[in-house]
Amino acid sequence: MSLNVAVIVKLEPDFSEGNISYNADGTLNRAETKSKLGAHSSVACLAAFYAKVNYGANISVATMGPPMSEIALSEAQSICDADSLHLYTDRIFASADTLATAEVLKKGIQKMKENENENNNGIDIIFSGHRASDGETGQTGPQTAWKLGYPFFGNVIDYHLNLKDRVVTLKRLVVLNGMDNIIEEIESPLPVFIALDPSYKPSFTTLSSRLKATIFEKNAEKKVANFKSYLKMFDHNSLELDPKEVGLSGSPTIVYKVERIPKGKMNRKAEIIDGRDRNQIKNIAEKILILNGQYGRS
Amino acid sequence: MEDFDVIIIGGGSAGLAALKHISALGKQAILIESGKEIGSKNVSGGILYSKNKEYGQVHNVEDIYGQKFLEEEPYERRITKYILNATSKDKVCSIDLTSIHDFQSNFGCSVLLNKLNTWFAKEAQEEAQKQGGGIVTGVHVKNIKWNNENTPIELDGGKQNSSTYDNSLIVETDELEEFRSRAIIAADGVNSEIASLLRAREKFSPDQLYQGVKVVIKLPEEIIEKRFEIGPDEGAAHLFSGDISLNQVGGGFLYTNRDSISIGGVYHLSSLLENPVEPDQLVNSLINNPLVKDLIQDEVPIKNIEKNLSKEEQTKKSFTISKLIRTWNELREIYYSPKNREKTIANGKFKSIEEIKDKINTTRRRLVEEFNTKFVTNYVELEYSAKVVPDGKRCMMNKPYYKNVLFVGDAAGRGIFLGPRIEGLNVGMDDAVRAAKTIIKYIKNNLTDPNIGEIYSQSIHESPYTRDMKKIDKDYLKVLLKAVKKIPLEDLGAKNNFLIRCMSNDFLRNFAVSTINKVGFYKFLSFVESPKIYIDIPILLAEKLGRKINTSTKFDIPELSERISKLKYYEDNNSHIIVTKPQIEFMKKMTVLCPTKCYSIEDQNVVIQHEGCIECGTCSKETSWKHPRGEKGIFFKYG
Amino acid sequence: MIENKKLSDLEDGNNSNSYHHMLVIIEVVDGVVLPVNYEMLGEARRLMDFFNKQYNSNEKVIAVVLGQNIKDLCNELINYGADVVVYADDPNLRYMVNQTSTKVISSIAMDKDIISKISPDFVNHYKKPRYMFFAADSIGRHLSATVLAELDSGLASDVNKLEISDLEIKHQHKTKGNALKYGKVLEMYRPDFSGFLWTTILCLDNKNPEIRRDFHPQACSIIPGAFAPLEPDPKRKGQLIEFTPKFDKKDLKIKVLNRSIDKDKIDFDSFKIVISFGKGIKEFPEDNIKLIETLSKLTGAEIGISLPLSKKIFKLDEKINSKYMIPGRVIGTSGRKITPKIYIAIGISGAIQHIEGMKEAEFVIAINTDENAPIINECDIFIKGKMEDVLPVLIEEIKRIISPLEVQAKRK
């Protein structure tokens with residue numbers, strides 16, 4: 001039984017020291033800063049790789065972004081031994097918010113259904129990372145899922161498939177303020193959209209599956225050397241997208257202003273107090289209770 | 001349960017050689033390594049030797065990996081110059097011992113183990129995958145048990161009917177479901193957990209071990225060649241004894257790599273326990289030696305960030321400077337390396353060498369003028385590491401097996417200390433091939449022959465390396481004396497002088513050596529490996545005969561904490577060390593001798609201070625010491 | 001008919017005829033309303049009070065609750081500021097499964113029957129809510145995205161400041177470069193990825209005739225702890241409306257098989273104040289821990305430790321060890337990064353690894369004997385002294401302030 005999975009990834013600036021560069025005005029210098037496959041995206045690729053090794057999945061990786069985003073696709077391929085790479089690139093896609101991005105990804109994934117191998121009944125699982133580290137906030141995944149009509153599961157830490165019944169069982173980590181963390185185990189028929197928790201690790205539990213994984217890893221290495229032959233590019237025409245629905249035109253939200261967060265949190269200057277001075281300690285007691293909302297007004 | 005013929009535990013040079021050899025002979029074998037990647041937990045001094053076969057059957061690196069090893073050069077440099085330096089303060093007496101280096105060897109090359117083992121792994125993996133085997137990393141073996149514990153097993157040649165005999169093993173790991181194997185090669189290093197688990201041998205005691213501590217230093221390729229007066233295909237090794245050893249038995253070493261330097265010390269653990277010195281201080285004393293200073297110094301940029309800026313601004317500025325410094329470094333790496341130069345010009349990034357030079361200068365100027373960066377004479381450390389080294393003559397396993405588990409290399413306590421020359425990598429690789437051959441022979445019989453261990457043991461005893469661990473070679477002594485002869489020894493005192501003259505006589509020497517070997521070479525160790533030979537004589541030599549080296553260079557040697565903070569760890573919440581005897585003297589000394597100061601004393605109890613452990617095993621004898629779980633713990637980039 | 005209206009009408013935001021009220025999506029987990037929901041209700045109340053006064057209108061704060069046996073919780077939501085509570089009580093809603101929850105919430109948002117019960121005047125034109133709030137947590141983040149995909153509008157996530165205002169916008173796409181007035185805009189502030197900047201997100205209708213499209217509701221997810229809840233008022237009156245959800249058979253095949261508590265994690269995020277201790281407790285570890293426990297009880301704090309302590313370096317009662325000396329409590333690079341309002345570091349020297357975990361705290365107090373300890377550069381108040389001396393005094397002073405307050409509260 002065939003299994004088709006798609007992975008949505010993103011190219012992100014490398015924020016580590018020695019790679020990141022700032023303009024004179026203190027804003028990020030995107031041209032000088034190296035970019036790479038986002039950390040959360042790599043986790044999504046690992047999940048797809050698990051599907052490849054354990055269930056023989058056919059993997060397509062997709063990203064929306066400028067042409068240089070092909071770097072992210074090749075890095076993704078080296079992780080998950082992807083069979084095809086899809087780059088959605090078009091000037092009019094630029095500056096899209098999550099809804100407009102989801103519109104592009106929806107069409108792209110629908111196209112995969114049409115384009116991939118014949119005995120194909122569509123994409124069974126879409127994987128994405130938890131979020132991007134450069135501003136996007138984990139909404140693109142769920143919105144793409146919704147537009148495609150796929151049930152969405154976020155913060156997934158483990159999953160297994162029953163290919164015969166086409167059912168997935170998965171575990172997700174639910175973090176709620178004021179509650180203990182919950183691990184929720186869910187069963188759902190395919191297809192599904194899975195966003196991986198950052199803590200996800202593929203759970204190869206047998207030596208033979210680990211061995212098998214090394215063979216796929218090696219395949220991936222070979223493929224990546226020639227990743228462009230796996231790469232397909234799409235613009236709004238080939239995706240049959242209405243220009244009104246994408247990019248800035250299709251985005252409900254705009255960034256209205258950017259301002260410095262007042263109060264230089266990072267610049268502390270300690271007031272030094274003698275621990276023997278009861279009066280001072282009394283002031284601190286008050287200060288704690290006021291800040292804590294137990295006393296007076298904050 | 002899954003079944004496999006052969007499991008190799010440990011992905012060091014020895015384990016990989018076993019995998020390569022078994023696979024090359026057409027059988028399936030699987031190597032299990034606990035590190036996140038192959039090579040990430042391996043440290044060596046280090047020189048890898050190839051032994052001349054005139055002196056006995058050995059399996060050298062080029063036999064195992066073929067010509068490819070010589071063509072692709074996963075090693076650093078072939079050592080062509082081997083010099084012993086006796087030191088005392090600013091005086092150094094250098095003795096050319098290249099003949100010692102060449103003794104019975106085809107070649108010896110400096111190596112960085114991460115790179116070397118990664119290359120070995122690539123070769124071995126390819127071969128293994130053809131047979132359905134391979135390498136699995138990030139898996140830590142925590143227990144081995146026999147499938148049928150009730151089956152009586154007689155060691156040492158007990159005869160059993162092999163058709164009814166089931167000696168298959170069950171391997172338990174932290175990460176995977178249990179699996180079965182018919183034979184195991186334990187190549188899990190000097191702190192072999194498998195050996196402890198099976199009680200195949202005692203944990204090595206301080207007397208049997210040396211502690212090696214090393215830093216890898218960055219130095220551009222052609223600068224190395226100029227400094228050490230070597231060609232592009234040559235390498236230099238410097239050994240040190242004398243005051244740099246801070247009164248410890250052992251010595252220092254400095255090896256040239258392709259574009260880095262390995263520098264460190266190897267000291268007898270008994271000596272260190274007797275008179276504890278911080279291991280990093282031993283490295284520092286070597287780095288501070290004037291000869292070494294001259295050899296390793298380089299131009300180093302120092303970041304300078306105005307303190308009156310907000311922290312946010314400081315961070316950003318610091319990041320921008322880091323980026324520039326990185327560019328400057330990368331350009332130098334290109335400029336000083338013929339291969340890199342060619343490549344960069346070929347791919348059109350630069351038109352000419354001059355253009356690279358220009359770019360280096362403009363980057364440097366920008367750093368100085370725009371960012372107030374200072375360039376000083378200093379040196380750059382890349383990595384701090386440590387391991388303990390087994391002294392084979394004191395600790396090699398007489399029977400390096402337990403049932404159908406065969407121990408190789410460090411795990412079997414097999415290392416050679418030939419005077420200043422230390423060999424371990426090649427020994428382990430040779431052992432591994434012997435283990436592989438034994439197993440291949442028995443694979444036909446389903447590996448059920450209870451004699452498998454004994455057959456392997458016999459093969460090991462035929463190894464010339466075993467001979468080197470057991471006996472003094474009279475020819476070696478002759479070569480050594482010949483080398484030393486060039487220096488006027490009259491000044492060393494009548495007693496020493498007399499001894500050397502006696503030993504220089506072929507007849508007397510041969511007689512002495514054969515007597516010693518007959519009585520037992522190890523009985524004379526305290527005489528040979530004494531403070532007198534390792535410390536007093538070299539100091540005397542340096543003072544009487546040494547040349548004075550003037551240097552005004554002042555190094556900014558990093559604090560230990562800085563060295564530790566540069567290392568890469570994958571934190572494990574489960575501690576892999578448990579202090580079981582918090583009050584004994586040994587543990588108290590560990591607060592000094594642990595190379596990363598993992599221990600401190602709280603209320604007269606030794607406690608683990610932090611988990612900056614680099615898994616050297618110095619403390620292993622008296623602690624409950626295990627390797628961290630799969631993928632966890634230290635990750636050496638150079639090794 | 002919007003198409004027939006003149007542009008000047010659009011400029012006034014007249015199409016807001018179709019969009020009314022503020023929907024606050026409540027999360028009930030195991031029969032408990034999460035604290036962040038009360039904070040959201042508080043902020044919704046403040047904003048809508050302002051809105052109704054400013055625009056002389058009568059729009060409501062509508063809490064939406066899904067779950068099983070949740071009816072009893074509804075009054076509490078009114079006490080905390082909701083005008084209306086719409087609840088859907090069904091065994092299939094026992095857990096917040098994204099697929100079913102999204103559909104039920106979206107149906108509620110567009111249900112004209114509900115609107116006719118709340119405000120019959122609006123019902124003819126009503127299309128969708130004006131504003132919507134979700135919690136920025138594992139449930140709400142995803143739910144906000146899918147609900148807004150269904151309602152075809154935009155949202156900002158992880159918001160920590162909100163304002164409603166009338167703005168003049170000049171935007172290449174939204175207004176075709178013309179300066180146009182947008183009324184009743186929700187300004188949504190969120191800290192950007194660098195942590196240095198605040199980005200204000202607006203969700204605006206496309207008034208540019210070429211790409212004309214409405215984007216309502218204006219929605220966001222709200223960071224827990226960003227806003228204060230109102231003092232609950234049991235006398236507040238409100239309307240309860242039951243909604244009977246319909247389910248797609250297909251969606252009911254998604255089943256929650258099992259739920260378990262992940263005990264490893266200490267929930268630092270829901271505490272305003274965190275008190276950590278380090279090796280400085282060494283002289284009298286057990287006594288000092290008792291003092292720290294007392295202080296934490298008085299202030300409602302959670303307790304953290306520095307890394308070395310998790311290695312159980314002191315000989316302590318096993319109860320204390322298993323409660324405190326655990327990796328889950330470690331603050332720092334190899335533990336948790338936290339951002340409480342107040343952080344009290346007791347006997348912690350401030351190794352760089354530890355600083356990484358707490359430097360985002362709003363106000364930091366350190367108690368330490370050593371003025372050269374690096375923590376001094378990372379705190380707002382440094383109390384120089386032995387914790388054995390300082391803590392009892394601090395506890396005494398806090399008690400002295402609190403106890404009369406408690407007596408007052410009881411009298412009320």
Side-chain angles (χ1 to χ4, degrees), chain A residues 97 99 102 133-135 137-139 142-143 146-147 151-152 154-155 169 173-189 244 248-249 251-261 265 268 270-276 278 281-282 284-286 288-289 291-292 294-295, chain C residues 29 34-36 98-99 137-138 141-142 145-146 149-150 153-154 156-158 171 173 191-193 197-204 211 215 224 253-262 265 269-270 272-273 299 341-342 363 376 378-385 389-390 393-394 397-398 401:
Chain A
D97 77 355
L99 194 73
S133 51
D134 62 341
T137 45
Q139 299 160 3
Q143 295 201 322
W146 196 260
K147 280 174 179 265
F152 173 86
N155 294 94
T169 37
L173 177 67
V174 183
V175 180
L176 299 169
N177 216 262
M179 306 272 293
D180 284 326
N181 289 352
I182 298 166
I183 292 173
E184 195 174 65
E185 201 177 329
I186 295 184
E187 177 187 281
S188 169
K244 282 184 209 161
L248 277 167
S249 307
S251 297
T253 62
I254 61 165
V255 175
Y256 177 55
K257 60 186 175 191
V258 175
E259 59 201 321
R260 248 158 229 280
I261 294 178
K265 248 190 204 173
R268 293 190 208 272
E271 180 188 343
I272 300 173
I273 280 169
D274 185 344
R276 288 164 301 189
R278 183 172 271 271
I281 302 284
K282 187 182 156 202
I284 292 167
E286 259 176 40
I288 291 174
L289 294 175
L291 280 172
N292 201 24
Q294 282 169 282
Y295 173 56
Chain C
V29 177
L34 300 182
V36 60
N98 184 279
Q99 182 76 4
D137 60 25
S138 295
R141 274 210 190 90
H142 302 144
T146 46
E150 175 66 21
S153 186
S157 66
D158 298 320
H171 188 270
H173 287 77
D192 91 332
F193 61 92
L197 301 171
W198 235 347
T199 312
T200 309
I201 308 285
L202 308 179
C203 175
L204 300 175
I211 53 168
F215 289 120
K253 285 188 181 161
I254 301 170
K255 289 188 194 112
V256 176
L257 303 177
N258 186 29
R259 281 159 68 94
S260 55
I261 303 293
D262 180 13
K265 285 228 169 102
D269 298 336
S270 55
K272 267 190 184 171
I273 164 161
T299 53
K341 220 174 169 81
I342 312 170
F363 194 81
I376 200 164
E378 299 294 337
C379 65
D380 301 282
I381 291 179
F382 183 92
I383 307 176
K384 184 175 171 0
D389 303 334
V390 177
V393 181
L394 186 62
E397 290 299 336
I398 285 177
I401 301 168

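A note on names: the letters A, B, ... follow the listed sequences, proteins ahead of strands, and every chain is numbered from 1.
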In terms of heavy-atom pairs under 4.5 Å with chain A, which of C:V393, C:V36, C:I254, C:L202 leads? C:L202
Most heavy-atom pairs under 4.5 angstrom with chain C, which of A:I284, A:L173, A:I183? A:I183
Which portion of C:V256 sits near chain A, non-hydrogen atoms under 4.5 angstrom: both
Quick check: does any side chain N or O of A:E187 sit under 3.5 Å from a backbone N or O of C:K255, one acting as donor and the other as acceptor? no
Distance col, row C:I381:CD1 vs A:I281:CD1, nearest 0.5 angstrom, shows 9.5 Å
Check whether any side-chain heavy atom of A:L291 sits under 4.5 Å from a side-chain heavy atom of C:I273, and report yes or no. no
Answer with side chain, backbone, both or neither: which region of C:F215 has an atom nearer than 4.5 Å to a non-hydrogen atom of chain A? side chain
Select, from A:R276, A:K244, A:K147, the one with the greatest count of heavy-atom pairs under 4.5 Å involving chain C. A:K244
Given C:E397 and A:E286, is the side-chain contact (heavy atoms from CB on, under 4.5 Å) satisfied, shown in steps? CA-CA 8 Å; C:E397 290 299 336; A:E286 259 176 40; over 6 Å; no
Who among A:D97, A:D274, A:I186 has the most heavy-atom pairs with chain C under 4.5 Å? A:I186
Please rank A:G275, A:P252, A:P189, A:A285 by heavy-atom pairs under 4.5 Å with chain C and give me the top one. A:P252
Specify which of C:S153, C:S260, C:G385 makes the most heavy-atom pairs with chain A at under 4.5 Å. C:S260
What do the steps show when you test C:F363 against A:I288 for side-chain contact (heavy atoms from CB on, under 4.5 Å), and what is the final call? CA-CA 9 Å; C:F363 194 81; A:I288 291 174; over 6 Å; no
Within the supplied structure, the quantity of interest is the number of heavy atoms (other residues, nucleotides, ligands) at a distance under 6.0 Å from C:K272 NZ; does it exceed 12? yes
Per-residue tally against chain A (heavy atom, under 4.5 Å) across C:P35, C:G154, C:A149 peaks at C:A149
Against chain A, work out which of C:D137, C:V390, C:N258 has the most heavy-atom pairs shorter than 4.5 Å and name it. C:N258
Flag if over 12 foreign heavy atoms under 6.0 Å of NZ, C:K253: no
Which residue out of A:N155, A:T169, A:T253, A:V255 racks up the most heavy-atom pairs below 4.5 Å with chain C? A:T253
Within this structure, what is the CD1-CD distance for the pair C:I383 and A:E271, rounded to the nearest 0.5 Å? 9.5 Å
How far does OG1 of C:T200 sit from CD1 of A:I254, to the nearest 0.5 angstrom? 10.0 Å
Chain C contact via A:L99 - side chain, backbone, both or neither, heavy atoms under 4.5 Å: side chain
Just give me the residue among C:T299, C:V29, C:D389, C:L204 that pairs up with chain A most often, heavy atom to heavy atom, under 4.5 Å. C:T299
What part of C:I342 gets closer than 4.5 Å to chain A, counting heavy atoms only: side chain, backbone, both or neither? side chain
